Q: 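This is the structure, below, for whatever I ask next.
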Amino acid sequence: MADNQSPELFGQTPWQTVGPFFHYALPWWGGADLTGQSDIGAAPTRLVGHNPALNHSHGRPMPAGEPIDIFGRVLDGAGEFVSDALIEIWQADADGQYGGAFPGFGRAPTDEAGVFHFRTIRPGSVPGPGKTLQAPHIAIGVLGRGLLKRLVTRLYFADAPQNDSDPILDLVPAERRPSLIAQRDGEAWRFDIVLSGPNETVFFDC
Amino acid sequence: MSADTPFSPEDPAAQPASLFPDYRSTVLRSPSQPLIRIPQTLTETSGLSDGWDRLMGGAFADLTTQHEGVALGQRIVVTGRVLDENHRPVPRTVIEIWQANSAGRYAHVRDQWDAPLDPNFSGAGRVVTDDDGAYRYLTVRPGAYPWGNHHNAWRPAHIHLSLLGPAFATRLVTQMYFPDDPLIEIDPIANAVPLPYRQRMVSRFDIGTTVPNWALGYNFDIILRGREATPTED
Ligand SMILES: [Fe+3]
């Protein structure tokens, strides 16, 4: 019989869904605030009793750059709110750098109304393929019950002039690009994620 | 190998499709349009390789003694290595762990099955790989549990695992199953992965890892996407 654990035989470990009970281990206090100033990100009301995964991590110095709030809803193919999704973000700091003091990584579970909320810093431009420059963007991973593997998308900012020359947006048919563009909504940015159906978000293979 | 060296693509033979109708929740939650293929940029090839503990907090590798009393159930040690596709160790990466208790119940408000909660078991842990990519944690063997996917549906015993890896592109969430569990072959979530790749998610009982008079031992290696070799390399 084949050895289940032989890397030579099987290559990449397969993806599996996070299921509905990830609130247990994945979100943490402050995980949705990349500026390190608040507690948002944990979902303690989903849990029974104390859970050690919800470590506090806020209380870092405020990073340089423009603080922004991003709100969005996750919707399924029937237009229903998805209340058990988890959104992960990965982004550069205000100077377009990865790997500095700014963490760049955050997580936010959707609430009972399917809403997620991040507080972060507006990212700078980062290099693209060849000698290109990418427009400011945030990479997004969508996880959840019913998602066997992560869906990957990107958030761009509606008022960024660099969007017109972004090498990744350029690969997306013009009529589908709006799903990747966050819009100003009062003081915050609005970015909904539609998993399936007529207004489906563009998802990437990368 | 620089930070912008791309990773080999997702292996379509090994990875499940998003849509697998036997797992009913995938039907309304899978994109209907094909994914748009993009080149990996610095955004995809960089990641939170260090400093995760600054954000999430430290490791806690013993799930059995997080409370006043000791968790109920069969104590198990799980060890393994995190490697990339080139069989190189992936050091200092975080593995997040969550699971049901030994009766198959999660301490989660949405888990309404009437199996007993264990006041001494939360079911969450976190470990970090060493320089050799190795990890080890102590827990109890989770129970199987019923779910609403179809009539008489039961999830095989499993432990959920989440890995960040070195880059945005290497993210992996998987489930570890146990050898000789008859529920695996009738479970739509496991079966979304075709054979033989499904077998990679089944751990191996190991008498060498088993601690005498203490805990049974299981091995589970995890293979992440690896950086593509560049022409100037070996
Ligand atoms: Fe589960």
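These numbers were taken from a predicted model, which means no experiment stands behind them. In what follows, chains carry the letters A, B, and so on, assigned in the order in which the sequence lines appear, proteins first and then strands, with residues in each chain numbered from 1.
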Q: Measuring from atom OG1 of B:Thr41 to atom CG of A:Asp166, what distance do you get when rounded to the nearest 0.5 angstrom?
A: 9.0 Å
Q: Less than 4.5 Å to any heavy atom of chain B: does that hold for the side chain of A:Val152, its backbone, both, or neither?
A: side chain
Q: If you count heavy-atom pairs under 4.5 Å between each of B:Val193, B:Val109, B:Leu19 and chain A, which one has the most?
A: B:Val109
Q: Say whether B:Ser203 and A:Gln5, considering side chains only, have a donor N or O and an acceptor N or O under 3.5 Å apart.
A: no
Q: Please report the shortest heavy-atom distance between A:Gln12 and B:Ala14, naming the atom on each side.
A: O-CB, 3.9 Å
Q: Going by an N to O cut-off under 4.0 Å, is there a salt bridge joining B:Arg29 and A:Asp84?
A: yes
Q: At a heavy-atom separation under 4.5 Å, does A:Glu88 approach chain B through its side chain, its backbone, both, or neither?
A: side chain
Q: Atom CZ of A:Phe10 and atom CG of B:Leu195: how far apart are they, to the nearest 0.5 Å?
A: 8.5 Å
Q: If the test is side chain to side chain contact (heavy atoms under 4.5 Å, CB included), which one of B:Ser18, B:Pro16, B:Pro188 qualifies with A:Leu148?
A: B:Pro16
Q: Would the distance check show the side chain of A:Trp28 and the main-chain N or O of B:Leu55 forming a donor-acceptor pair, the cut-off being under 3.5 Å?
A: yes
Q: In terms of the angle between their ring planes, are B:His108 and A:His23 parallel, tilted or perpendicular, with boundaries placed at 30° and 60°?
A: tilted
Q: Tell me, for A:Ile140 versus chain B, whether the close heavy atoms (under 4.5 Å) come from the side chain, the backbone, both or neither.
A: backbone
Q: Checking A:Asn4 against B:Gln199: is there a side-chain donor and acceptor pair closer than 3.5 Å?
A: yes
Q: Please answer whether the main-chain N or O of A:Thr13 pairs with a side-chain N or O of B:Gln15 as donor and acceptor at a distance below 3.5 Å.
A: yes
Q: Is the shortest distance from a Lys or Arg side-chain nitrogen in A:Arg150 or B:Glu10 to a carboxylate oxygen in the other one below 4.0 Å?
A: no
Q: Any idea which of B:Gln66, B:Arg126, B:Met56 has the most non-hydrogen atom pairs under 4.5 angstrom with chain A?
A: B:Met56
Q: Would you mind checking which part of A:Phe204 comes under 4.5 Å of any heavy atom in chain B, side chain (CB onward), backbone (N, CA, C, O), both or neither?
A: both
Q: Which one, B:Gly125, B:Ala17, B:Gly80, B:Pro179, leads in non-hydrogen pairs under 4.5 Å with chain A?
A: B:Ala17
Q: Less than 4.5 Å to any heavy atom of chain B: does that hold for the side chain of A:Val126, its backbone, both, or neither?
A: side chain
Q: Show, in sequence, the C-alpha distance, side-chain angles and deciding distance for A:Glu112 and B:Arg110, and conclude whether the salt bridge (Lys or Arg N to Asp or Glu O under 4.0 Å) test is met.
A: CA-CA 12 Å; A:Glu112 299 293 345; B:Arg110 290 221 178 156; 2.8 Å; yes
Q: What part of A:Gln134 gets within 4.5 angstrom of chain B, counting heavy atoms only: side chain, backbone, both, or neither?
A: side chain
Q: State, to 0.1 Å, how close B:Arg200 and A:Gly11 come at their nearest heavy-atom pair, and which atoms those are.
A: NE-O, 3.0 Å
Q: Under a 3.5 Å distance rule, please check whether B:Thr174 uses its side chain to pair with a backbone N or O of A:Pro14 as donor and acceptor.
A: yes
Q: Side chain, backbone, both or neither: which part of B:Ser46 has a heavy atom under 4.5 Å from chain A?
A: both
Q: Could you tell me which residues in residues 20-28 of chain B have at least one non-hydrogen atom under 4.5 Å from a non-hydrogen atom of chain A, sorted by residue number?
A: B:Phe20, B:Tyr23, B:Ser25, B:Thr26, B:Leu28
Q: For A:Thr45, is it the side chain, the backbone, both or neither that has a heavy atom under 4.5 Å from a heavy atom of chain B?
A: backbone
Q: Under a 4.5 Å heavy-atom cut-off, does chain B meet the side chain of A:Ala78, its backbone, both or neither?
A: both
Q: Hey, is CD on A:Glu66 packed in by over 12 heavy atoms from elsewhere, all under 6.0 Å?
A: yes
Q: Is it the case that the side chains of A:Tyr24 and B:Glu96 hold a donor-acceptor pair, with the cut-off being a distance below 3.5 Å and no angle test?
A: no
Q: Using non-hydrogen atoms and a 4.5 Å limit, figure out which bit of A:Thr153 sits close to chain B: side chain, backbone, both or neither.
A: neither
Q: With a 4.5 angstrom heavy-atom cut-off, is it the side chain or the backbone of B:His158 that approaches chain A, or both, or neither?
A: neither
Q: Measuring from atom CD1 of B:Ile36 to atom CG of A:Leu169, what distance do you get when rounded to the nearest 0.5 angstrom?
A: 10.0 Å
Q: Between chain A and each of B:Pro119, B:Pro39, B:Gly47, count heavy-atom pairs under 4.5 Å; write down the option with the most.
A: B:Gly47
Q: So that I can tick it off, tell me whether A:Arg154 and B:Glu44 are bridged by a salt bridge, with the cut-off set at under 4.0 angstrom between side-chain N and carboxylate O.
A: yes
Q: In terms of heavy-atom proximity below 4.5 Å to chain B, should A:Pro103 be classed as side chain, backbone, both, or neither?
A: both
